Novice: 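Okay, here's the structure, questions in a sec.
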Amino acid sequence: HLSFYHLIILFMTTCPFLSYIRLHLGSTGTMFPGNIRFLLGFSFHLSIFLRFVFLSSKDDTAHYCIFYTHIYYIVSIHISDAKISLFYGIVYLWRIKQYIITKMATITLSAEKDPMGAAISDYFNHHRADRLRVFSSQFEEDEIPVKELFRSIQSMPVLERTALQMATGRILDVGAGSGCHTLALQEMGKEVCAIDISPLSNEVMKQRGVKDSRLINLFDETFTETFDTVLMLMNGSGIIGTLNNMPAFFQQMKRILRPGGCILMDSSDLRYLFEEEDGSMLIDLAGDYYGEVDFQMQYKDVKGDTFDWLYIDFQTLSLYASECGFKAKLIKEGKHYDYLAKLSLA
Ligand code: SAH
């Protein structure tokens, strides 16, 4: 899925290495034949030119790249020790990677890449929907019954109903979808704000009578409002994406939660997928955590990007929570390795 823009960014991130080669190896004259030296020199100058082009852009990724490229050049030109400047080059790449990761985490979807939103919108407007298909590199193709995204409080699983009962004060419904939980809470007379990265779902929520719905990513650092209860339902841990994101997630929760507040989250332990009949497990302990999965959805011809989704067992959740200053409490277990947890500041 590389766009032209990504290629430019990629080029920007590799130019320190090109200049490294040019400055420390190529310029000695004997290391490379003339045409290679010419190429290195050419890309060096092209990268300087591109930085000027980017300077006129308003995008902060570009500015970030330029900033670090400049630092890199200054360091590599003034410190003639090749190893030190190579070290700075690596630090620079790492910074760019971190930046791109956090940048990715704060985006919302575009309507062209919002299959679940398209399904929700279709079902709301026409009372029926096509198949919402789910692909994964780990599982067989599956489907989400769109109707279930519109479930009423009566047809919600008991874990969800419990969470709705427990939610108090000002509530944040994270990844609210069609707004089923938000609407139920509103009916119970509770104050609730719904957030979702799907523009189409947000539209439907407004039309269904959700009083406060926002197109916003949970990880968006500019989102500074505070809440007493953060609700994450329908395998709500999924939005965290990977275990690696746990610290960032809890960090954001510290910002968002009011004193005495809590997160109510449901998840499931995927171990049953790896369990043999005799109860033994077929899990590669050296591999990634078995609950880290990737998904991609499609509705009609609207195909979304692949995204990470985290299923987490209660033990692992508690471990990460306590490392991040939170305590986890098991509220209720469901029928099928699923559970509801309450996380609050320790
Ligand atoms: N809670 C709803 C919908 C669950 S599907 C229900 O129980 O029916 C998960 C929802 O989370 C989707 O609507 C998706 O767009 C949204 N989402 C995914 N990542 C998100 C993020 N980082 N921030 C906010 N919403 C997110």
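One is the number of the first residue; the rest follow in order along the sequence. No experiment lies behind these values; they were computed from the predicted model shown. Note that ligands are numbered from 1 as they come in the structure, with each ligand's atoms numbered from 1 the same way. Only this structure's heavy atoms are used, side chains among them; waters, hydrogens and symmetry mates stay out.
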Novice: Using atom types as modelled and distance alone, determine if a side-chain donor or acceptor of Glu292 lies under 3.5 Å from a backbone N or O of Gly241.
Specialist: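 Answer holds: no.
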
Novice: May I ask whether Ser201 places a heavy atom under 4.0 Å from ligand 1?
Specialist: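 Distance cut 4.0 Å: Ser201 fails for ligand 1.
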
Novice: May I ask you to check whether Asp196 has an N/O atom sitting below 3.5 Å from an N/O atom of ligand 1?
Specialist: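 Indeed, backbone or side chain, Asp196 has an N or O that close.
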
Novice: For Ile216 and ligand 1, answer yes if some heavy atom of the residue is under 4.0 Å from a ligand atom, otherwise no.
Specialist: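 Checking ligand 1 against Ile216, which is what was asked, there is a heavy-atom contact under 4.0 Å.
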
Novice: Looking only at N/O atoms, are Gly175 and ligand 1 under 3.5 Å apart anywhere?
Specialist: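 Among all N and O atoms of Gly175, at least one is under 3.5 Å from an N or O of ligand 1.
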
Novice: Considering distance alone, does some N or O of Leu218 sit under 3.5 Å from an N or O of ligand 1?
Specialist: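 Looking only at distances, the answer is yes, because the N/O contact criterion of under 3.5 Å is met.
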
Novice: Taking atom NE2 of His181 and atom CZ of Arg161, what is their separation to the nearest 0.5 Å?
Specialist: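 Here the interatomic distance stands at 10.5 Å.
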
Novice: Run the side chain to side chain contact (heavy atoms under 4.5 Å, CB included) test against Gln138 and tell me which residues pass, sequence neighbours left out.
Specialist: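 If we apply the side chain to side chain contact (heavy atoms under 4.5 Å, CB included) test to Gln138, skipping adjacent residues, the hits are Ser136, Val293, Asp294.
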
Novice: Do Thr306 and Phe135 have side chains that approach each other closer than 4.5 Å (heavy atoms only, starting at C-beta)?
Specialist: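 No. Closest side-chain heavy atoms not under 4.5 Å.
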
Novice: For Met116, take its heavy atoms, then give the atoms of ligand 1 lying under 4.0 Å from any of them.
Specialist: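 Answer, ordered by atom number: 5 (S), 12 (C), 13 (O).
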
Novice: With a cut-off of 4.0 Å, which atoms of ligand 1 are near a heavy atom of Arg151?
Specialist: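 That gives atoms 6 (C), 7 (O), 8 (O) of ligand 1.
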
Novice: Can you tell which part of His181 has a heavy atom less than 4.0 Å from ligand 1: side chain, backbone, both or neither?
Specialist: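 Answer for His181: side chain.
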
Novice: Under the criterion side chain to side chain contact (heavy atoms under 4.5 Å, CB included), which of Met234, Lys335, Arg151 is the partner of Pro157?
Specialist: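 One option only clears the test, and that one is Arg151.
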
Novice: Do Tyr289 and Asn244 meet the criterion of a side-chain donor-acceptor pair at a distance under 3.5 Å?
Specialist: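 Side-chain D/A pair, Tyr289 to Asn244: absent.
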
Novice: Report, in ascending order of atom number, the atoms of ligand 1 lying under 4.0 Å from any heavy atom of Cys180.
Specialist: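 In order of numbering, the contacting atoms are 8 (O).
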
Novice: Atom CG of Asp313 and atom OG of Ser237: how far apart are they, to the nearest 0.5 Å?
Specialist: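 These two atoms lie 10.0 Å from each other.
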
Novice: What atoms in ligand 1 come closer than 4.0 Å to a heavy atom of Leu233?
Specialist: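 The list of qualifying atoms is 1 (N), 7 (O).
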
Novice: Do Asp308 and Thr242 have a side chain donor and acceptor closer than 3.5 Å?
Specialist: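 There is no such pair (donor and acceptor under 3.5 Å, judged by atom type) between the side chains of Asp308 and Thr242.
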
Novice: Judging by distance only, is a nitrogen or oxygen of Asp173 under 3.5 angstrom from one on ligand 1?
Specialist: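 No.
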
